[in-house]
Every structure is written in structure tokens, then in C-alpha cells.
**Student:** 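Below are the C-alpha cells for one structure; questions will follow.
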2 protein chains.
Amino acid sequence: MSLRHALLGLLSERPASGYDLLKRFETSLANVWPATQSQMYGELTKLAAAGLISVSAEGPRGRKEYTLTDEGLAELRHWLTETKPQRNTRSDILLRVFFLGVLPPEQASAYLTGLMELSEQEYEDLRALEQSIDWGEDTLSVHGRIALEYGLRFNAMRRDWARWAAAQLG
Amino acid sequence: MSLRHALLGLLSERPASGYDLLKRFETSLANVWPATQSQMYGELTKLAAAGLISVSAEGPRGRKEYTLTDEGLAELRHWLTETKPQRNTRSDILLRVFFLGVLPPEQASAYLTGLMELSEQEYEDLRALEQSIDWGEDTLSVHGRIALEYGLRFNAMRRDWARWAAAQLG
DNA sequence: TTCCGCATGTAAAATGTTACATGATTTC
DNA sequence: GAAATCATGTAACATTTTACATGCGGAA
């Protein structure tokens, strides 16, 4: 149930509408916790009903601005400190590796080279994202940068691994 | 819909019952694609109904041994070559990093040190798994070893990153 | 004969995806 | 006035998790 906490986390910075949160997801959290528009509006309604956030202002076109309540902040802190992060596994990419044996060798190699290229590409995309963001000294910037560094290191690691793996098969 | 393909993949090696597959998951695929017992039995029934696998033998206690059909193998190959792997994101661990700012500094640091230790631990667990497996020259062994190497590199990367991140905050 | 492991299944709830549906406001 | 963007929502479906439910066979 982490979408809940992702929303609480974003609202801990400043109040926002569902639409605002949707936009902020795209450039930050989408990389670690994708969510659809449907899901977000639904979850916001539930969070408001549970008293973890509240409608603090209404604007044009039915816009509803949500603000984190004290209960919401407490829940966010509780989640961060008292609950264990579950290891994230489920990787379609890696699952496929197990079964490369059913393909002719050249297709198996092609898959791994594809992963190398994918990793290079994602690395470059993250670099571009890094450049495009106006990093400040605020907490989101500091932690966002740390998460981004993770992405860079991850893709570098994966590229090297895919190269090594392709060599193993060859 | 990859559980489907995970099962087809395992059956491509050799026929097995739901229970067998459950056991095999635990020591291999569970790391990249966790699935519960409920889910597996349900999926096997659907796969059989779709003709991608068939019951090739029945044993004591209602045991049903499934064998991959030609259609199943074709579907597995199709999945591997014609469909793009979706990038696996959704990381609870990384999501939390974004919001460490709501915690007092020592708790934020503690989280990162915890990640370092977790990564060390998982690295050791994978090493132990590596030792415990009787690696052969079969295709599962070759590809399983490649996936395992990924896990080792991943955890080493994450440990270093967490150390770096803790230093950033301090 | 009692326990452990083998063996399969169903039901309910939570979560996530895709598609549809609607309409207001701003900008060109 | 048209197009883009802002803005929210519902419905159907697929997937995943958790819990319950049952019973056989082998070994000590």
C-alpha cells in the first residue's frame, strides 16, 4: 500500500491537487513507483476520507487542493520508521534471462545486447533529467538527487553485467 | 502477465507438478518473480485450459504432472522475442529515500545504514545459495548463474550507494 | 499412530491497468 | 473559435495477496 505513502510524502512538502501530484509523479516518483491517474484520484479520495489529508482549497474546474494533516504526517513517519521496506523484486527483464536457453544463441545474445543498450539509454535519460532539474537545497532536491544517483549507478551496473553475460554465452 | 511465462519457462526444462514448481520457484525465480501458491495453481489451470500445457501424468494425492505443449513453447518463444520487457520499477526501498527529509537526521542516516546492511546480507545469502547449488552445464545452470551474478553485482552496487548516500546527508 | 511433507484447491479483498466519460479555462 | 491544458471521475478487468479448507502417503 505504498502509493498511499508516496502521496503523503509529496504532500509533506506542500499542498497540491490531484493534477499537480500527477505532474510531479512524472518527473520524480514515476521512476520508483509508477501510478496511473485513475489510481491517484481514487487514493486521494480514500486518504481524505481517512483524515490523513484534507481539502484545503478549491479552485477553478473543480480543482481540489489537498493538505497533509497531522495524522497524515504521523502516518508517513510511522511508515518510514516502523515498517520494514519490502524487497522489490519482480523483474520482467531478469525473468527472461532464465529462459534464454529456449532461443537460438544469436537471439539470446541479441537480448543481452539489447539490455546493454537499454541501460545506456536510461543512463543518458537520467543524465538529461539531472541537467533539466533546477536543483535547490530543499529536502526534495537533496533526496531526489540521491535517488537519481542510484539510478545512474544501477544502469551502469546493469550495462556492465549485460556485457559480461553476453560474453559468457558466446 | 509474466507468471504465465515463468511457469512455461520452468516447464520448458522438464515436466512438473504445481507442487514441484512451487519448490523450484523458492530457490530460483522467487528472487525475480515472487508468486504465491494460490496464484500458481490458478495459473496452471488456466494454462491447461488454454492448451499451453497439458496433464501428462497423475500421481498419488491428486498429483498432476504438467508438460509444455508445442503451443506453449511457441508462446514462450514469442514472449521472449516479440514482446518488449517492461522496465521494472516500483521500489519501496527507493520510494522511502525521497521522503527521508521528514525524519530527524539520525533516523534518516539509520535508514541508509540499514540498507547497507541489508545489501551485505543479501549478498551473503546469494553467495550461500551459489555454494549450495549443484551447478551443471545445463541451460538452467548457465542462465541461473548469470541471473545470480546480477544479484551479486546489484547488492554490491546498492551497498556502495547507500554508504555514499549516508555520507551525503552527514 | 501421529506427525510431516505432499498436494490441490477456493474465496475475498486489495491493488493496479485500461478505457471511457465529461467539462471548464486559458492561450493562440 | 479551436486547440491545448487543466481537472476530476467511473467502470471493467486483470493481477496479487491473504486466508481458509481439505485430505493422502510415508516415515518414525
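Computed from heavy atoms alone, side chains included, the values below leave out hydrogens, waters and symmetry copies.
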**Student:** How long is the line joining CG of A/Leu44 and C1' of D/dG9, in whole Å?
**Tutor:** 12 Å
**Student:** At less than 3.5 Å, do the side-chain atoms of A/Ser17 and the base atoms of D/dT8 form a donor-acceptor pair?
**Tutor:** no
**Student:** Does B/Gln39 make a side-chain donor-acceptor contact with the base of D/dT17, cut-off 3.5 Å?
**Tutor:** no
**Student:** C/dT25, D/dG9, C/dT8: which one has an atom nearest the side-chain heavy atoms of A/Lys64?
**Tutor:** D/dG9
**Student:** Would you confirm whether A/Ser109, through its side chain, and A/Glu106, through its main-chain N or O, come within 3.5 Å as a donor-acceptor pair?
**Tutor:** no
**Student:** Go nucleotide by nucleotide along DNA chain C from the 5' end; which of A/Leu3 and B/Gly42 gets its closest nucleotide reached first?
**Tutor:** B/Gly42
**Student:** Nearest-Å distance, CG (A/Leu7) to P (C/dT15)?
**Tutor:** 13 Å
**Student:** To the side chain of A/Arg90, which of C/dC6, C/dG16, D/dT17 is closest?
**Tutor:** D/dT17
**Student:** Strictly below 4.0 Å, N to O, side chains only: are B/Glu124 and B/Arg127 in salt-bridge contact?
**Tutor:** no
**Student:** Where the side chain of B/Tyr41 is concerned, which of C/dG16, C/dA19, C/dT8 is the nearest nucleotide?
**Tutor:** C/dT8
**Student:** Nearest nucleotide by nearest heavy atom, which residue falls closer to the 5' end of DNA chain C, B/Gly62 or A/Lys46?
**Tutor:** B/Gly62
**Student:** Go through the N and O atoms of the side chain of B/Ser38 and the base of D/dT17, and report whether any donor-acceptor pair is under 3.5 Å.
**Tutor:** no
**Student:** Given B/Leu47, which partner from the list B/Leu11, B/Thr69, B/Leu3, B/Ile53 fulfils the side-chain contact (heavy atoms from CB on, under 4.5 Å) test?
**Tutor:** B/Ile53
**Student:** Among C/dG9, C/dA7, D/dC6, which nucleotide sits nearest the side chain of B/Tyr19?
**Tutor:** C/dA7
**Student:** Expressed as a whole number of angstroms, how long is the span from B/Leu22:CG to C/dC6:C1'?
**Tutor:** 11 Å
**Student:** Would you indicate which nucleotide in C/dT8, D/dT10, C/dG16 comes nearest to any side-chain atom of B/Gln37?
**Tutor:** C/dT8
**Student:** What is the distance, rounded to the nearest whole Å, between atom CD of A/Glu43 and atom P of C/dT15?
**Tutor:** 7 Å
**Student:** With a 4.0 Å cut-off on N to O distance, would you call A/Arg24 and A/Glu13 a salt bridge?
**Tutor:** yes
**Student:** When you measure from the side chain of B/Tyr66, which nucleotide among C/dG16, D/dA7, C/dG9 comes out closest?
**Tutor:** C/dG9
**Student:** For a quick test of reading the model: is some side-chain N or O of A/Arg63 closer than 4.0 Å to OP1 or OP2 of D/dA7?
**Tutor:** yes
**Student:** Considering only side-chain heavy atoms of B/Pro60, which listed nucleotide, D/dG25, D/dT8, D/dT10, is closest?
**Tutor:** D/dG25
**Student:** Return the value, rounded to whole Å, for the distance between atom CZ of B/Arg4 and atom P of D/dA14.
**Tutor:** 11 Å
**Student:** I'd like to know if A/Glu122 pairs up with A/Arg158 as an ion pair, taking the criterion as any Lys NZ or Arg NE/NH1/NH2 lying under 4.0 Å from an Asp or Glu carboxylate oxygen.
**Tutor:** yes
**Student:** How many Å lie between CZ on B/Phe25 and P on D/dT17, as a whole number?
**Tutor:** 12 Å
**Student:** Measure from NZ or CZ of A/Arg153 to the centre of the six-membered ring of B/Trp164, then state whether that distance is under 6.0 Å and the direction lies within 45° of the axis.
**Tutor:** yes
**Student:** Quick one: A/Asp92 CG to C/dT17 P, roughly how many Å, whole number?
**Tutor:** 13 Å
**Student:** What is the distance, rounded to the nearest whole Å, between atom CZ of A/Arg61 and atom C1' of C/dT25?
**Tutor:** 4 Å
